[in-house]
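Naming: A, B, ... by sequence-line order, numbering from 1 per chain.
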Amino acid sequence: MDPIVRFQNICKTYDGRSQVVRDLNLSVERGEFLTLLGPSGSGKTTSLMMLAGFEMPTSGEIYLDNKPFSGLPPHRREIGMVFQNYALFPHMSVGENIAFPLQVRRLDRQEIVTRVRRALDMVQLPGVIDRKPAELSGGQQQRVALARALVYEPAIVLMDEPLGALDRQLREGMQIEIKSLHQRIGVTMIYVTHDQQEALTMSDRIAVFNGGVIEQLAVPKTLYDVPANAFVAGFVGENNLLRGRLARRIGDEGEVDMPGIGLIRGRLGEVAEGQPVVLAIRPEKIALGTGSCPPGEGNRLSGNLIERIYLGDQTKLTIQLPDRQTVTVKAGSLLFDAAEGPVNVSWAPEDGIVFAA
Amino acid sequence: MTGFPPTPAQKAGRLLLVVFGVLFCLFLIGPILAFVPMAFNDVAVLHYPIQHFSLRWFRALFASSDWSRALLNSFLVAAGTTFLALLIGVTAAIGLWRWRSAGKDALMVLIMTPMIVPSVIGATSMYFAFARVGLDYSYVGLVLAHCAFAAPIVVVTVSAALQRFDGNLLRAAASLGAPPLLTFRRVTLPLILPGVVSGAVFAFAISFDDVVAALFLAGPDQRTLPVQMYMRSGDLFDLVIAAAATVMLVIAISLMAVLLFVRRGDRLRQTGAQGAAH
Ligand SMILES: Nc1ncnc2c1ncn2[C@@H]1O[C@H](COP(=O)(O)OP(=O)(O)OP(=O)(O)O)[C@@H](O)[C@H]1O
Ligand SMILES: [Mg+2]
C-alpha cells in the first residue's frame, strides 16, 4: 500500500548552521499510529511543523498521497492538529470551538450541530457544549481539542505532546482513550512525545529521533527487544549499558572483555572484533544471588550491593562491579530485605546485546 | 494591606494623601467645573451665581452655521482619523508582534516619534509638505496629520493586547482550515479587541482635541471645534464657547466611559480565565 505521507531527504536548519533535521526519510502508512520519540531538541516538533506547513524544509520534499506538499499553505493541507497547550479559542464556547472548522468549510447549520454533538460524545464530554474553555479542567480541554481536530474528519491528525501538561493518572487514561479512538475511526495519527512509556503503550510504530536523525523505526516490541543501537537501547525502556571491548565473535554471539571482570557473552549487533562496545542488559532480565543463594546460569558477575530503592511492586537494586561500573537490577519487592554487601548477578547470554560504543 | 491596625503616623500619612488627592483633582478639574455652568446661564457674562437656567447658548451653538459646521468637521475628521489610525496601527502592531528578529525595538521607538516630538514641529512641517502636493486646507490633509499623532498610540495599545495573545491560536486556526483573513476576523480581532477599542478611543480623542495641526492645516471649510473656540475666545459676551466646551466635555466623558468599560470587561475576563484554570 502507498504511504499517506512521505518525508524525502528532508533537511531543516533555522539559523543556517546547526542542522535540526538531517536527511530525514520517513514513510507514514495510511491509518497507522506513528510516534516520534526522542529527547528534547531532537527535531520531533520541527518535523511535525514541516508536515503541518508551519515551517519550511530547508531542502527535500514532503509528499502527501505521492503529491509534493510543500507549496501548500497550512490552511489548505487538511491536517488536524492537537497542541500541548490545547490552543482552544478562549473567547468561544466549547461548541463554537468544535464548530469552527465546520463553519470554515461552510457546512449547513443543522449538519454542524449534529457533528459537534457527535464529536463531543466521541470524546465522552457531553454537557459542556456551552462552557468556555477556561471553565474546563486540563483533561477536558484536551478532549475538546481532540474533538475539534477530528470533527472535520481529516485524514491525518498530528499531536505534539498533547498529554504533557496532564498529571500521570489522567495521562494514562487519555493514552488509552486516544488509542481506542484511533482504532475506532481509522485516522492516521502522528504523535510526538519524549515519554518512552507513552510511546510503547500507544504506537503501531515508533521512530526514535536523536540529533535530527531517526535512530530506529520499528514496532514497539522490536524496539524494546531488539534495539538497533546503543542509543535506542538506552532511551527506550531502562537498560544497563556496560562498557568493554569485543574480544571474539562466536557465530551470532560475541565475547566482551571487561577489565577486572572477565568475559561476558551477548548477542551481536554490527561490530568488529577489537572495537570498544557497550553491552545492553535490561534490569528485569538480571537474576540476583545473595550469600548462600546460588546465582543462575550464563554470565556471572560478582559485585557489591550499594543501593536499594523501594518502588512498591518492585525493588530497584544498584550493584557496583569491580571496575566501578554499576548495574541496576529490578526484582520482586521481597528483595528489598537483601543486605548491602557482596552479591552475585547473572543473566542469559541471549538477553544482552552488544553494540558499537 | 497589612492586617495590623494603622499607627498614628500611618493615619496621618493617609489623611495627607487624601487631602493632597482632593487638592490635585480640584487643580485639574476646578477650572472646568467653574466654566461649564456658564453654558447654562441666561446672562451673557462670565458671572456667578447663575441667575436663570437656560439652554440659549446651546441653541445658538446648533443654530450658528459656523459652530455647527465646526462640530461636524470635528466629528468627520476624528472619525476619519480613527479609521485610518486603526488600519495602520493594528497592522503595524501585528507586524511587529510577528517580527522575530532584531531591530524591533528600534523600529518601535521610531514609530513613537510623533508622540514625542512637539506637535507644532510636525504640524509646521506637514503644512509645508502638504502645500506642495495640494493637501493643505483639505480634509484628507487634516486626517493624515491627525493620523500621524494617533496611529502610534494604537500601535501601543494593540501591542499590549498582543502580548497576552497566544500565537499558537493562529496555528490552530490554520490547521483547522481557516485562511489568514478569516483567522484574523474570528480569532485575533476578538481577542485583541480591548486594545483596539482603547486605541480607537485615544485616536478619536487625539483628533478631537487637536488645535495645533488644525490651525496650520485646516482652511475655513475644515475648521474644527477647538479651532473655532480658539478663534472666538476673545468675545467675552458670547457664551456659545462655553456650550461648545460642554459638548466636548460630554464627548470626552463618554470616551472615558468606553475606556473604563473595556478595561473592566478585560480584567473580568482575565481573572475569570485564571480562576477557572486552577
Ligand atoms: N523557531 C525556531 N527557531 C530557531 N531554532 C529553533 C526553532 N524551533 C526549534 N529550534 C531548535 O531546533 C532544535 C529542535 O527543536 P524541536 O522543537 O524540533 O525539538 P523537539 O524534539 O520537539 O524537542 P522537545 O521534546 O523539547 O519539544 C532545538 O535545538 C531548538 O532549539
Ligand atoms: Mg517539541
Side-chain angles (χ1 to χ4, degrees), chain A residues 14-15 45 48-49 51-55 72-92 96-107 128 131-138 140-141 144-145 147-154 156-160 165, chain B residues 90 94-95 97-104 157-158 160-198 261-278:
Chain A
Y14 287 102
D15 53 10
T45 297
L48 215 59
M49 288 301 158
L51 179 54
F54 300 125
E55 295 290 350
L72 222 53
H75 65 274
R76 306 246 317 267
R77 292 195 177 196
E78 295 285 322
I79 290 181
M81 184 135 192
V82 179
F83 297 81
Q84 177 169 3
N85 69 350
Y86 321 131
L88 295 174
F89 305 126
H91 57 300
M92 298 184 196
E96 289 166 336
N97 262 282
I98 300 174
F100 184 82
L102 304 176
Q103 288 164 346
V104 167
R105 287 169 178 74
R106 298 179 188 285
L107 268 59
V128 300
R131 291 214 221 148
K132 287 282 170 65
E135 295 163 1
L136 301 178
S137 73
Q140 289 174 321
Q141 288 186 50
V144 175
R148 189 180 64 174
L150 291 171
V151 70
Y152 55 102
E153 295 170 1
I156 307 172
V157 174
L158 312 181
M159 305 196 199
D160 193 355
Chain B
V90 172
I94 289 178
W97 174 72
R98 289 182 50 167
W99 194 351
R100 290 184 200 164
S101 57
K104 180 171 166 167
T157 58
V158 174
L162 278 168
Q163 293 218 312
R164 285 192 276 114
F165 180 73
D166 174 11
N168 258 332
L169 296 181
L170 298 183
R171 293 184 158 185
S175 79
L176 296 170
L181 268 181
L182 183 68
T183 302
F184 176 75
R185 192 161 57 75
R186 296 232 19 221
V187 179
T188 316
L189 190 57
L191 287 170
I192 61 170
L193 197 60
V196 176
V197 173
S198 305
F261 186 71
V262 169
R263 298 246 159 126
R264 165 96 60 81
D266 197 31
R267 203 174 49 234
L268 281 183
R269 197 158 51 176
Q270 252 177 290
T271 49
Q274 275 164 10
H278 290 293

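- Interface remark: of the candidates A/Arg77, A/Arg105, A/Lys132, A/Arg105 forms the most heavy-atom pairs closer than 4.5 Å to chain B.
- Proximity to chain B (any heavy atom under 4.5 Å) is restricted, for A/Tyr152, to the side chain, taken from C-beta onward.
- Residue B/Asp166 touches chain A through its side chain alone, counting heavy-atom pairs closer than 4.5 Å.
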Which side-chain N or O atoms in residues 170-187 of chain B pair as donor and acceptor under 3.5 Å with protein atoms at least two apart or in another chain?
from     : atom 1 : to       : atom 2 : distance (Å)
B/Ser175 : OG     : B/Ala172 : O      : 2.8
B/Thr183 : OG1    : B/Ala178 : O      : 3.4
B/Thr183 : OG1    : B/Pro179 : O      : 3.1
B/Arg186 : NH1    : A/Gln103 : OE1    : 2.6
B/Arg186 : NH2    : A/Gln103 : OE1    : 3.3

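- Remark: A/Gln140 pairs with A/Leu125, A/Leu136, A/Ser137 by the side-chain contact (heavy atoms from CB on, under 4.5 Å) rule, at least two apart or across chains.
- Residue A/Tyr14 qualifies as enclosed at atom OH: its count of foreign heavy atoms under 6.0 Å is above 12.
- The structure places OH of A/Tyr86 at 13.0 Å from CG of B/Asn168, a figure rounded to the nearest 0.5 Å.
- Between chain B and the options A/Arg148, A/Glu78, A/Met81, heavy-atom pairs under 4.5 Å are most frequent for A/Arg148.
- Using a 4.5 Å cut-off between heavy atoms, A/Leu102 makes no contact with chain B at all.
- Residues B/Leu169 and A/Pro90 approach most closely at CD1-CD, 3.7 Å, considering heavy atoms.
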